[in-house]
There are 2 protein chains.
Amino acid sequence: MAPRPSAPADPDLPDVPGHVEVVRRFNRSYTQRIGVLDDSFLGLGMPLGTARLLYEIGVQAGTTRDLRARLQLDSGYLSRLLRRLESDALVSVEPDPDDRRRRRVDLTPAGRRAWDELERRSGERARHLVAPLTERQRDRLAAALAEADLLVRAATVEIEQVDPTDPAALAAVRAYVDELDERFPGGFAVGDLTAGTEGLRPPDGAFVVATSDGVPVACGGVQPLGGGVGEIKRMWVHPQWRGAGLGSRLLRHLEGVAADLGHTTVRLDTNGTLTEAVAMYERAGYRAVDRYNDNPHATHFFAKRLRRTG
Amino acid sequence: MAPRPSAPADPDLPDVPGHVEVVRRFNRSYTQRIGVLDDSFLGLGMPLGTARLLYEIGVQAGTTRDLRARLQLDSGYLSRLLRRLESDALVSVEPDPDDRRRRRVDLTPAGRRAWDELERRSGERARHLVAPLTERQRDRLAAALAEADLLVRAATVEIEQVDPTDPAALAAVRAYVDELDERFPGGFAVGDLTAGTEGLRPPDGAFVVATSDGVPVACGGVQPLGGGVGEIKRMWVHPQWRGAGLGSRLLRHLEGVAADLGHTTVRLDTNGTLTEAVAMYERAGYRAVDRYNDNPHATHFFAKRLRRTG
DNA sequence: CCATACCTCTGATCATAGTCAGAGAATTTC
DNA sequence: GAAATTCTCTGACTATGATCAGAGGTATGG
């Protein structure tokens, strides 16, 4: 159990460990110190599970069904926990007006106070960790954790194929066109988002949404242009997620989808204003081609030949 | 529960969060994904606590007493867990020859195989996390986690006052003189480490050791020079821990100790070969002074006036 | 309007985690 | 060598986490 903190400042260390080793060492040392169980949930006079449920309700109230999915709980178990919180007057449970089989759960004022206390403790714990560090070290720690957080989130993003009119898809596309409208000098006419989505669904097209914690963070689609050519459309990455390689990953994924749909080449158009996107396409092996459509907002056109799969 | 991954690449983010917020956000997202409970302990047909004990024994065999201290377990509980592992032929428990009240615990060959399986799963988990990332992203993640690991460890180092002949103190001092011997052009005569330690214990002196997970990572002492002057001696930081500010923290600590001992000024000598040390002293507000002793290895001499405390 | 599916809750049950008091063996102290 | 201490283990007990089957209310599709 010798500590091997592997100072990153010293590249001459004899045993530069692999990625997996670094992750494992970090897991071990971090969880030991921060408390894997996040002990801040303890000590409020209620068991861990109950506190965790209370916390989750405070983060986002919802139906018992939501909570069950978010916390991965058995319905009977959840019911019992709720009853306990209810009898302590920390939460209110009422039938959902929309579907009276379901029940809506929310915090009472007393519950909100208990939740605030959980928050306070959790903050206290974090404050205690950084307390012995100098300001410069805290900055370094914060930067390192933020970087790790971004990458870990990016690594665990889930990419799912959905219908282009799916609520999650529309939410992502709305963010996409809003951003275009903002960045294009002349603006971008935001019309009906469901228009022109025919080609983006099977059997010849597809649309995917990448979500993190259920929140859409990126999207993109493939539609057929005929002649074994697919076109990548509506590709977008949440601004706060840029720089984490999510775009490249999504692009690779869409290329795979296009290949599965039988396309041998993909094309796409974009606007020179979106500098990050242009750079990414070039990095991903796309080559500039002549204009192949009359999209008034497009200034750059790219194509890439797909390697055959399966 | 909106995700705010705060891309570090974008310094213009409107809501740059404080250190505590970053730590908390990271805690939440990381533990959710990596599994606070380190689920790799599960699924071997034994409960979590048993698996954790098995793992700990595999990392470092020892007496039940050691294990109890390391895992913070009740003696009765530990006894029961051991009996279970013993009945599964995973560990052997035998009386300690040195003190037959104690019992030594070690893995059997079957236990070692089970332990290897735990290791494999844990690695699998880490591999799974980094799998979706590109090589460059993995490097970034590894660097960020290593940096965070170093700083978190540094923040949780425990500084304790011990006798200068304490085993932990001697281990640290041995590493110190070995390093001097290696770095000094003419070598450094390593004599009896307990010699010259009289001044490093109360009531006029002190010696402290900084440990992480029970392993000495830094040390230093204060001895009286008379006339309200204390001298800082034998200050050393483990090579792998340099660059984490542990030296500065230890130095601050020793200044506090010196002040508590009634000294108003501290002096120290060092060798120009130890460039990091010289830089650190200057950063900490030490000013160069004339040679005040005949230490043949010393080339630089520093002093600092202490602010009054209490 | 009937069958079916969905949703929550209750009762029953179980394993695990964890605590406490004290028996009994080994060691140290006086 | 007796007394006090240290150490492990057993028995007794509690709470928590978790699962399963089924009752009974509510919605939906034909």
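Chain naming here is simple, since letters A, B, ... match the order of the sequence lines and numbering starts at 1 in each.
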If you compare all heavy atoms of [X] against all heavy atoms of [Y], which two are closest, and at what distance to 0.1 Å?
{"X": "Trp241(B)", "Y": "Val157(B)", "answer": "CZ3-CG2, 3.8 Å"}
{"X": "Arg112(B)", "Y": "Gly58(B)", "answer": "NH2-O, 3.5 Å"}
{"X": "Ala114(A)", "Y": "Leu90(A)", "answer": "CB-CD2, 4.2 Å"}

With the side chain defined as heavy atoms from C-beta on, Arg101(B) is closest, among dA17(C), dT8(C), dC7(D), to dC7(D)
Carboxylate-amine/guanidinium contact [X] [Y], below 4.0 Å:
{"X": "Arg113(A)", "Y": "Glu117(A)", "result": "no"}
{"X": "Arg70(A)", "Y": "Asp66(A)", "result": "no"}
{"X": "Asp116(B)", "Y": "Arg120(B)", "result": "no"}

Strand contacts (DNA chain D) in residues 86-100 of chain A, 4.0 angstrom heavy-atom criterion: Asp99(A), Arg100(A)
Which parts of residues 72-85 of chain A get close to DNA chain D, meaning a heavy atom less than 4.0 angstrom away? Asp74(A), Tyr77(A), Arg80(A)
In whole angstrom, what separates [X]'s [atom1] from [N]'s [atom2]?
{"X": "Leu71(A)", "N": "dG17(D)", "atom1": "CG", "atom2": "C1'", "answer": "13 Å"}
{"X": "Leu53(A)", "N": "dT16(D)", "atom1": "CG", "atom2": "C1'", "answer": "15 Å"}
{"X": "Leu67(A)", "N": "dT8(C)", "atom1": "CG", "atom2": "C1'", "answer": "13 Å"}
{"X": "Arg65(A)", "N": "dG25(D)", "atom1": "CZ", "atom2": "C1'", "answer": "17 Å"}

Compare side-chain N and O positions of Arg102(A) against OP1 and OP2 of dC7(C) and report whether any pair is under 4.0 Å apart. yes
At under 4.0 Å, does any side-chain N or O of Arg68(B) touch on OP1 or OP2 of dT8(D)? yes
For Arg101(A), give me all partners under salt bridge (Lys or Arg N to Asp or Glu O under 4.0 Å), at least two apart in sequence or on another chain. Asp99(A)
Is the side chain of Thr156(A) donor-acceptor paired with the backbone N or O of Val152(A) at a distance under 3.5 Å, no angle test? yes
